[in-house]
Structure formats: structure tokens, C-alpha cells
Amino acid sequence: GHDPKWMEERRQSIDMYVPDDFGTIQAAINASIDGDRILVSAGTYVENIDFLGKEIEVIGDPENPENVVIDGDQNGSVVVFRNDETRTSILSGFKLQNGTGTLYPEQEGLQGGGIFCKNASPTISHCNICNNHSDSKGGGVVVHNTSDPAFYNCEFSGNSSFYGGGILIAGWSNGYFDKCLFNGNHASYGGAIYAYTNGAVVTLSNCTITENEAENPGNIIFGNNNIRFNIENSIIRNNTPSEIYFEGGSNALISVSYS
């Protein structure tokens, strides 16, 4: 491991190892500075982590994310981004499970079982976000308050909430999804995706959205206000009771393209 005093004074970025240098992922994040990489060995880590606004890479096993599990233990969101993180804050190669969300605002219940993203635009790649639940919004992920996260090669499965089983996007936020799978998520409204954000751009590129369930019409729901929704080379099928639904009065602009 690294000498703690040196850790405090250093300026150059390093690789930090969990559990060799630090017993928990959060302990490594706490000690990290911008530019560090935190490399996490195979295993199950029962914790709820917060990136604390740091420009770091937290890397499990991008080839086999099932091997590196962060288990939220029904004790809040599994991962939190809420301090102006940018695309240089990277989470890659984890299975995120058993999260229950974060209170925001207090009166609206728990949101973002797997990932809670507020005022933040991180990069999430090769993660399986599965079997998370929040009682209010965003079973798998909630994206709030001018956030613009990017998801690459992620799987959203078995997540549930009232609004947005897989993901809910709100509050002037965007969402970019490339090579992502939404399968077997459940909600009252929007089994896979619920977006009701003002002027947002939501892009699904090379994605598959299948076998999600909702109690009400639409497994992808667009709420009010000028949403731009781009669907490129994606498959949306076998969702119950229907695929895409526009709520009343929405000026959604949807473009579907295949190349």
C-alpha cells in the first residue's frame, strides 16, 4: 500500500488497488485526486459509493462486469454522482445491484436505485445495473438537474419503480445510450425509460429495449416540453402493454434512423 502521509501531499496521479491498498471502494475514492485510477478486484463490495466530484476512473472488469459486484444492501443508491462530475468521471465494469435510491427532494420519495445522478455528467460503461428498486422514480437510474451522462455497453435489467423502471430523466437533463440493453424492467409508468425533461435530447444508439413491463401505456414515455428523441439502429419490441407513448401536450420530436 501507499504511505498515508505521502498520499496527502502527492500531486501526481496513481493507480490505487481495492482491496490491496484500500479495503473499500469509497475509501479509495476519498483518498484519490483527479487523474487517479481505482482498480477493483473481483468480488462483492457491500457499499454505497459517492464520486465526490472527482475526475477519476473506477474500474472493475469491463469484460465481465458480473465478477465485480457493488451491492447497495437496500441502503440507498448504489452509486451517487451529485458534485458536478464530468465525462472524465468514469465508472466501468461493475454489476450494480440491490439499491433503493436517494431522497430528492424529500417529499418525492426515493429515486435512482442503482445510480443517482444530479448536476452531473459522468461516463458509465460496461455496467450491469440490475435488480434495483426505488419507490418513486428511476429504479435503475435517475438523471436530474441539468445532467448529461453517457452510458456505453450497459445493461438495465430487473429494475423497478413507480416512474421509469430502467431510467428516469428529468429536470433539463439529457441522456446518451450506446449499445445498451433494457430488459425486464417494470414500472407503473415507463417500464424502460421515462423522460419528462424540458428541451432534453435523449439518444438511443444501437440499443435493444425488450420485455419491459408497465401498468400504463408505454415502456418508453415522453412527457411534456420539447423533448428530442433520437433512435438510431435500435430494436424496440415485445414490451407490455405498448412500446412508445407520448403524454398529452408534449411537443416531442422523434427521429428514427437505420444505417
Side-chain angles (χ1 to χ4, degrees), residues 25-26 29 47-58 60 65 70 72 75-106 108-130 132-156 159-178 180 182 185 187 190 192-204 207 223 227:
I25 300 168
Q26 190 64 52
I29 293 173
E47 51 182 314
N48 307 80
I49 68 172
D50 187 327
F51 261 62
L52 304 174
K54 297 185 177 184
E55 296 183 6
I56 54 175
E57 296 180 44
V58 179
I70 309 178
N75 188 36
S77 302
V78 184
V79 184
V80 171
F81 299 94
R82 57 178 158 206
N83 289 287
D84 300 305
E85 286 88 355
T86 67
R87 295 284 171 88
T88 52
S89 297
I90 299 168
L91 181 74
S92 181
F94 292 92
K95 181 179 184 181
L96 309 178
Q97 67 182 29
N98 224 3
T100 50
T102 298
L103 280 176
Y104 166 78
E106 310 301 2
E108 287 195 23
L110 293 164
Q111 307 184 22
I115 298 175
F116 178 86
C117 182
K118 175 187 171 208
N119 292 112
S121 305
T123 300
I124 316 292
S125 75
H126 298 89
C127 284
N128 292 355
I129 301 156
C130 54
N132 300 284
H133 173 76
S134 64
D135 59 21
S136 175
K137 298 175 180 174
V141 178
V142 73
V143 178
H144 260 307
N145 276 48
T146 62
S147 294
D148 187 14
F151 295 84
Y152 300 93
N153 301 91
C154 288
E155 180 179 321
F156 299 77
N159 302 293
S160 60
S161 191
F162 191 79
Y163 295 105
I167 189 164
L168 180 131
I169 301 171
W172 299 278
S173 294
N174 301 324
Y176 181 83
F177 304 88
D178 183 60
C180 291
F182 290 80
N185 301 287
I193 300 170
Y194 194 122
Y196 68 97
T197 172
N198 196 355
V201 180
V202 177
T203 300
L204 294 173
C207 290
I227 290 183

Practice problem: Show the numbers, then the answer: is there a side chain to side chain contact (heavy atoms under 4.5 Å, CB included) between D50 and N83? | Solution: CA-CA 9 Å; D50 187 327; N83 289 287; 4.0 Å; yes

Exercise. Taking the side chain as every heavy atom from C-beta outward, state whether V141 and F151 have any pair of such atoms under 4.5 Å apart.
Key: yes

Quiz prompt | T102/K118 under side chain to side chain contact (heavy atoms under 4.5 Å, CB included): CA gap, chis, key distance, verdict | solution = CA-CA 11 Å; T102 298; K118 175 187 171 208; over 6 Å; no

Quiz item: Once you round to the nearest 0.5 Å, how far does NZ of K137 lie from CD1 of I167?
Solution: 14.0 Å

Quiz prompt | Separation between OG1 of T123 and CZ of R87, rounded to the nearest 0.5 Å | solution = 5.5 Å

Practice problem: Could you tell me the separation between the CD atom of E57 and the OG1 atom of T88, rounded to the nearest 0.5 Å? | Solution: 9.0 Å

Exercise. Please answer whether the main-chain N or O of T146 pairs with a side-chain N or O of S173 as donor and acceptor at a distance below 3.5 Å.
Key: yes

Self-check item: salt bridge (Lys or Arg N to Asp or Glu O under 4.0 Å) involving D178 - partner list, sequence neighbours excluded
Solution: none

Quiz item: Do I25 and F94 have side chains that get closer than 4.5 Å, going by heavy atoms?
Solution: yes

Exercise. Mind running side chain to side chain contact (heavy atoms under 4.5 Å, CB included) on L52 and Q26 for me, showing each step along the way?
Key: CA-CA 10 Å; L52 304 174; Q26 190 64 52; 3.8 Å; yes

Practice problem: Over all heavy atoms of both residues, which pair between N174 and P149 is shortest? Give the atoms and the distance, please. | Solution: O-CD, 3.3 Å

Quiz item: Hey, what do you get for OH (Y176) to CG (L204), rounding to the nearest 0.5 Å?
Solution: 10.0 Å

Quiz item: Under 30°, 30 to 60°, or over 60°: which ring-plane class applies to H144 and Y104, parallel, tilted or perpendicular?
Solution: perpendicular

Quiz prompt | Least distance between heavy atoms, S77 atom then F116 atom | solution = OG-CB, 3.4 Å

Exercise. Could you list all the salt bridge (charged side-chain N to carboxylate O under 4.0 Å, His left out) pairs where at least one residue sits in residues 165-177, not counting sequence neighbours?
Key: none

Exercise. For residues N132 and Q97, report the shortest heavy-atom separation together with the two atoms involved.
Key: OD1-C, 3.2 Å

Quiz item: Which heavy atom in I70 sits nearest to a heavy atom in E47, and how many Å separate them?
Solution: CG2-O, 3.5 Å

Quiz item: Run the side chain to side chain contact (heavy atoms under 4.5 Å, CB included) check on F81 and I124 step by step: do they pass?
Solution: CA-CA 11 Å; F81 299 94; I124 316 292; 3.7 Å; yes

Exercise. Kindly determine whether F182 and F177 satisfy ring pair (Phe, Tyr, Trp, His ring centres under 6.0 Å), including the steps that lead there.
Key: CA-CA 11 Å; F182 290 80; F177 304 88; 5.8 Å; yes

Self-check item: CG on L91 to SG on C154, rounded to 0.5 Å
Solution: 8.0 Å

Practice problem: Would you confirm whether S161, through its side chain, and A187, through its main-chain N or O, come within 3.5 Å as a donor-acceptor pair? | Solution: no

Exercise. Check S134 against G113 and note the closest heavy-atom contact, atom names and distance.
Key: CB-N, 4.0 Å

Quiz item: So, for D135 and L110, which heavy atoms are closest and what is the spacing to 0.1 Å?
Solution: OD1-N, 2.9 Å

Quiz prompt | From L96 atom CG to C127 atom SG, the distance as rounded to the nearest 0.5 Å | solution = 5.0 Å

Quiz item: Are any of the side-chain heavy atoms of I193 and F156 separated by less than 4.5 Å?
Solution: no

Practice problem: For N159 and I129, indicate whether the former's side chain and the latter's backbone hold a donor-acceptor pair under 3.5 Å. | Solution: yes

